[in-house]
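The structure appears below as structure tokens.
Just so we're clear, the structure is a prediction, and the values are computed from it rather than from any experiment.
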Amino acid sequence: MVMVLAENMGIWDKLMYYLEFPFVRYALIVGCLVALCSSLLGVTLVLKRYSFIGDGLSHVAFGVMAVAAVLRLTNEMILVMPLTILAAILLLQTGEKARVKGDAAIAMVSVSALAIGYMVMNLFPANSSNISGDVCTTLFGSTSILTLTTTEVTISVVLSAVVIALYVYLYNRIFAVTFDENFVRATGMPARRYNLIIAVIIAVIIVLGMNLVGSLLISALVIFPALSAMRVMHTFRGVVILSACISLFAALTGMLISILSSTPVGATIVSVDLVVYGIFLLLGRILRR
């Protein structure tokens with residue numbers, strides 16, 4: 001009935017109609033906050049060549065979510081969040097000790113987590129009436145962002161606020177660690193501690209972002225805005241600010257397009273990010289000429 005009524009409206013009237021529903025407003029708020037948090041750390045990940053961590057952590061989170069579903073936990077974050085944070089710390093330590101082997105380590109973790117998660121969901125089908133649907137939702141986001149409860153929205157808002165506050169407070173230290181970690185160690189600053197804080201923040205962002213774009217697409221949400229901003233900006237602060245703006249625009253535009261045209265939320269947001277990257281790539285070439 002809702003869809004039939006909406007189809008007979010214009011685009012603006014349809015948008016206003018959908019915004020009357022609380023779950024749509026919740027989705028827009030959480031989506032924009034997750035996009036903002038993702039863009040802040042994305043710049044550091046790209047510059048430090050740690051972007052592979054996001055992909056691995058998202059797959060770890062998928063595996064843990066499958067186990068949480070089997071255990072019938074009412075709140076999956078109780079299990080997903082700490083284990084994803086632990087995986088982030090372990091992956092970062094592997095990257096520090098043997099960066100050449102980092103790609104192999106992340107590939108092993110990613111494939112193993114995906115396989116274990118899918119196997120668990122198939123071995124215990126009684127806990128899920130639609131395995132293929134659950135897998136699709138977890139991997140690609142689907143419409144899970146539109147089914148958030150008030151508690152999940154509150155948790156997402158609080159965690160996003162904590163991430164943004166930590167980033168602002170540690171901005172100078174993150175800047176130093178990003179560009180010259182050896183100098184930071186030479187001055188006596190605990191570079192290792194700051195790297196661990198970055199790993200924890202990344203894990204939190206990954207878990208929050210899975211409801212928005214799914215575990216397979218979360219890396220795009222982290223990386224694309226930073227790469228787009230780097231095409232035209234040449235200072236760290238400039239890249240961070242522009243990356244945040246691009247991420248917010250892509251997330252909001254993608255969610256609105258998804259709501260109006262009934263396309264998958266995660267795939268739509270990533271598609272917008274891809275288009276924006278292409279535009280900034282051309283703009284960067286024009287400016288260099």
Side-chain angles (χ1 to χ4, degrees), residues 2 6 14-42 54 57-58 61-62 64-66 68-69 72-85 133-134 136-168 200-218 220-222 225 244-245 247-260 262-270 272-273:
V2 173
K14 186 188 294 186
L15 179 60
M16 291 297 102
Y17 173 73
Y18 280 127
L19 289 177
E20 293 178 359
F21 296 97
F23 66 87
V24 175
R25 297 196 295 269
Y26 291 160
L28 293 175
I29 292 172
V30 173
C32 289
L33 286 175
V34 171
L36 178 59
C37 294
S38 301
S39 64
L40 296 178
L41 267 297
L57 291 181
S58 63
F62 169 76
V64 179
M65 286 180 70
R72 298 184 179 181
L73 296 178
T74 55
N75 188 355
E76 294 178 347
M77 280 195 179
I78 296 176
L79 185 63
V80 176
M81 187 68 74
L83 290 183
T84 306
I85 290 175
D134 290 345
C136 183
T137 297
T138 306
L139 294 180
F140 299 103
S142 189
T143 57
S144 58
I145 189 68
L146 298 176
T147 59
L148 295 175
T149 63
T150 304
T151 302
E152 290 173 329
V153 173
T154 302
I155 293 174
S156 298
V157 171
V158 171
L159 290 177
S160 298
V162 171
V163 168
I164 295 172
L166 273 176
Y167 185 86
V168 172
V200 172
I201 294 176
I202 292 168
V204 173
I205 292 172
I206 294 299
V207 175
L208 292 177
M210 284 184 65
N211 279 330
L212 181 62
V213 297
S215 62
L216 288 184
L217 302 178
I218 185 63
L221 199 67
V222 174
C245 294
S247 188
L248 285 172
F249 170 79
L252 184 59
T253 302
M255 285 188 290
L256 292 178
I257 293 174
S258 175
I259 291 170
L260 293 174
S262 300
T263 56
V265 180
T268 306
I269 293 175
V270 174
V272 174
D273 269 315

Rounded to the nearest 0.5 Å, how far apart are CD1 of Ile269 and CG of Leu252?
9.5 Å
Provide the closest heavy-atom pair for Glu20 versus Arg25 in the form atom of the first, atom of the second, distance.
O-NH1, 3.1 Å
Which residues pass the side chain to side chain contact (heavy atoms under 4.5 Å, CB included) test with Ile164, sequence neighbours left out?
Leu36, Cys37, Leu40, Val168
Who are the side chain to side chain donor-acceptor pair (under 3.5 Å) partners of Ser160, not counting sequence neighbours?
none
For the OG atom of Ser156 and the CG atom of Leu159, what is their distance to the nearest 0.5 Å?
7.0 Å
Can you find a pair of side-chain heavy atoms, one from Leu256 and one from Leu28, that are under 4.5 Å apart?
yes
Quick check for you: to the nearest 0.5 Å, what is the distance between Ile85 atom CD1 and Ile202 atom CD1?
11.5 Å
side-chain contact (heavy atoms from CB on, under 4.5 Å) between Leu41 and Val222: does it pass, once the steps are laid out?
CA-CA 7 Å; Leu41 267 297; Val222 174; 5.7 Å; no
Got a sec, which residues hit side chain to side chain contact (heavy atoms under 4.5 Å, CB included) with Ile29, two or more places apart in sequence or on another chain?
Leu33, Val157
Output for pair (Ile205 CD1, Tyr167 OH), nearest 0.5 Å, gives 10.0 Å
Exactly one candidate in Thr268, Thr253, Val272 meets side-chain contact (heavy atoms from CB on, under 4.5 Å) with Ser258; the answer is Thr268
For Ser247, which residues count as a side chain to side chain contact (heavy atoms under 4.5 Å, CB included) partner, sequence neighbours excluded?
Ala35, Ser39, Pro225
